[in-house]
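Heads up: the structure comes next, in structure tokens.
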2 protein chains.
Amino acid sequence: MKVTLQSVADAVGVSRSTVSNAYSRPDQLSPELRERILSTARQLGYAGPHPTARSLRRGRVGAIGVLFTDVLSYAFTDPYAVQFLRGLAETAEQHDTGLLLVPLSLDGGVDSARAVQDAAVDGFCVYCLPDWHPARSALAGRQLPTVTTDLPREVTPQSAFVRVDEAAATRSAGELLTQLGHRRVGIIVDWCRPQALTKPTPLSFTDPAELAAIDEYETRERLRGYYEALNEAGITLPELMIVNATGNSREAGEAAAGQLLDRRDRPTAVVALTDLLALGVLDAMTIRGLWPGRDVSVIGYDDLPEAEVGGVTTIRQDPLVRGRLAGRLLLDPPDDPADRQLTLPTELVVRATTGPALAGDDR
Amino acid sequence: MKVTLQSVADAVGVSRSTVSNAYSRPDQLSPELRERILSTARQLGYAGPHPTARSLRRGRVGAIGVLFTDVLSYAFTDPYAVQFLRGLAETAEQHDTGLLLVPLSLDGGVDSARAVQDAAVDGFCVYCLPDWHPARSALAGRQLPTVTTDLPREVTPQSAFVRVDEAAATRSAGELLTQLGHRRVGIIVDWCRPQALTKPTPLSFTDPAELAAIDEYETRERLRGYYEALNEAGITLPELMIVNATGNSREAGEAAAGQLLDRRDRPTAVVALTDLLALGVLDAMTIRGLWPGRDVSVIGYDDLPEAEVGGVTTIRQDPLVRGRLAGRLLLDPPDDPADRQLTLPTELVVRATTGPALAGDDR
DNA sequence: TTGAAAGCGGTACCAT
DNA sequence: ATGGTACCGCTTTCAA
């Protein structure tokens, strides 16, 4: 027989309410009675108020759901994501709130929607989830407070987010390149698709509208920023040598970079949309005996510790702070809706992997 | 007015049960009716069955709680922990189960116990939590399936765990050292205490019983293994130069190593209880112009990627597999209780940071 | 201070 | 295939 609050009440000879109070509102009853109740409970092996029953009644769970980049287990592969999660966890801790990592299936199948529907949480934090993902619509259905890390496609005064002006960041990086005289630029992206790629795949765009149609905020915006800067210098969209990597990892970056570096019209600069990819580019160059910053310039994004160590020119942003703010927006939201729409600064960090385009190499 | 299952039932003109079935057991009603119900629900803006209410009734939540090393946000700092979490997440995903990261407060105060009591989960996974932590006792109270990564102090046939024979692993590492002629050995540990250290602190043990009293499984066992191996070669416990670092990080390792390397009777070997600490030892040596494997031998533990790159002699274990197995034990437990008590293998990986004790340095 | 009663929002068994 | 009806386990007015 299971021990419930009721059994404790019976054993002590008081009502359920009193036992409940003994746990949740100690000031509502005499210390002696409370002690008597608690000790009896202990003897009976009562585990304390049932969390689910309690939250049903209270209308609050004490946890927020985290919707992470496509596959949950992938999140732990990405240092930037991990830092973000850490910041979020910090804030959650301070509010005695748990983090529920919601299991999203690989292909974003039906069960992803279910997972979101079934998540017992008070709110959601969405971290870079593609627009097409079923979890997105399931999320809308739940009508819970939500904070995203991207700019929602349709921003309403209600939406809350902690975004980064990705396009502005890459635009400044692109300007650096054109100032250095680069005209042949390769770009490595990791544009997750419903089904993963098995090998690096060239992407060709002819019309800027195609860029705008990309269903992932970060990919879309970062690419747009680079395009805008380069276009300013007269470089057209089709001239960009864009390669979609098989994932966001060093290895994937290396493989993708290979496709660019082995071209006859090798780019004088290769930019990657994440540092992890950029580190892969460096690996690919090392193998080929190329010097970063001299033979080919390289730019990353994120400013991971490894980027600093490796002297990689990159764009700095602070995932820890971003995570903390996301948590705050959810657990302690500012009264003014405008304060719930945050844009974090970035900084172009110029290090050793960028240099002037080789003069003789200019065509 | 809030939209509940009842309102949908009323609107369609059927009973609650039928609406419920439309969501949870589609085979129990005609497709037409189901469609009618679902579309009405949509129109009404019904968010679907309330997760909490549903789990209350069903007696199952669809999430497992994760109790992590003291502070949740710290977990994301430790690559080994992250990999473990990743393995756990993988298995959870396969079982359509979420991971609830339970917020444990820094000092393990009362709220940690509350957090465990209030966690709406079907089971718990405990990852290297000190014996004294309040969450431990709160956990016992919950009487839920639990899997730990350490050998419980009192093992019952019921307990489930995925442990590693830490002592055996470090014993073999210790034997390597004695074979190489090392007699002055420094050991760097990260023995978390209720309150964190602000600087590396020497630890001195005189009696093996003191070792056995250490309240952290990994620290206790790893230390014991080293002691046993070294003692075999006639080295006594007080001779060991043990330093407790201020955390499990490269920086903390470097600081702790400093204390050992700057001694007049500098150890000929410094072993660290984690790779992160060992990497810090290498940093400290670099600064001092010492060669690992020649001037001082270094051994780590975990075999992180950085250890391989750095040629660090270390003990390999597989956190990913460990996480997966922990998940399995919780979500798909083997019938035979004996199969729920797992000991994973380790492997001593000898690389470049170990070498013979300098002959002239033997005293 | 303590108790009675009405939910919180569903699910599942058992009839019909 | 549908509906009726307990009941999941607790919290919270409100009265006593």
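Below, all heavy atoms of this structure are taken into account, side chains as well, without hydrogens, waters or symmetry copies. Order of the sequence lines sets the chain letters (A, B, ...), proteins ahead of strands, with each chain counted from 1. Bear in mind that the values here come from a model prediction, so they are computed numbers and not experimental data.
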R142(A) versus V121(A), closest heavy-atom pair with distance:
NH2-O, 4.2 Å
Please work out whether the ring planes of F68(A) and F84(A) are parallel, tilted or perpendicular, with thresholds of 30° and 60°.
perpendicular
Separation of atom [atom1] in [X] from atom [atom2] in [N], rounded to whole Å:
X: Q6(A); N: dC7(D); atom1: CD; atom2: P; value: 13 Å
X: R34(B); N: dT2(D); atom1: CZ; atom2: P; value: 13 Å
X: N21(A); N: dG3(C); atom1: CG; atom2: C1'; value: 10 Å
X: R16(B); N: dG7(C); atom1: CZ; atom2: P; value: 12 Å
X: D118(A); N: dT11(C); atom1: CG; atom2: P; value: 9 Å
X: D27(A); N: dT12(D); atom1: CG; atom2: P; value: 12 Å
X: L29(B); N: dA12(C); atom1: CG; atom2: P; value: 14 Å
X: R36(A); N: dT2(C); atom1: CZ; atom2: C1'; value: 12 Å

Between [X] and [N], is there a side-chain N or O to OP1/OP2 distance below 4.0 Å?
X: S30(B); N: dT2(D); answer: yes
X: S20(B); N: dG10(C); answer: no
X: R25(B); N: dA1(D); answer: no
X: R54(A); N: dT11(D); answer: yes
X: S15(B); N: dT2(D); answer: no

Under 3.5 Å, is there a donor on one side chain and an acceptor on the other for R34(B) and Y23(B)?
no
Compute whether any side-chain donor of one residue and acceptor of the other, for R340(A) and S159(A), lie under 3.5 angstrom apart.
no
With side chains defined as the heavy atoms from C-beta onward, is the minimum distance between R163(A) and L342(A) less than 4.5 Å?
no
Kindly say whether, by distance alone, the side chain of [X] makes a donor-acceptor pair under 3.5 Å with the base of [N]?
X: T52(A); N: dG9(D); answer: no
X: T18(B); N: dA1(D); answer: no
X: R58(B); N: dG10(C); answer: no

Specify the residue among L33(B) and A53(B) whose closest nucleotide of DNA chain D lies further upstream toward the 5′ end.
L33(B)
Identify, between R57(A) and Y46(B), the residue whose nearest nucleotide on DNA chain C lies closer to the 5' end.
R57(A)
Please work out if [X] contacts a base, only the sugar-phosphate, or nothing of the nucleic acid, heavy-atom cut-off 4.0 Å.
X: S55(B); value: nothing
X: L56(B); value: base
X: V19(A); value: nothing

Just compare dG3(C), dT2(D), dG9(C) and give me whichever is closest to any side-chain atom of H50(B).
dG9(C)
Would you call R114(B) and D118(B) a salt bridge, using N to O less than 4.0 angstrom?
yes
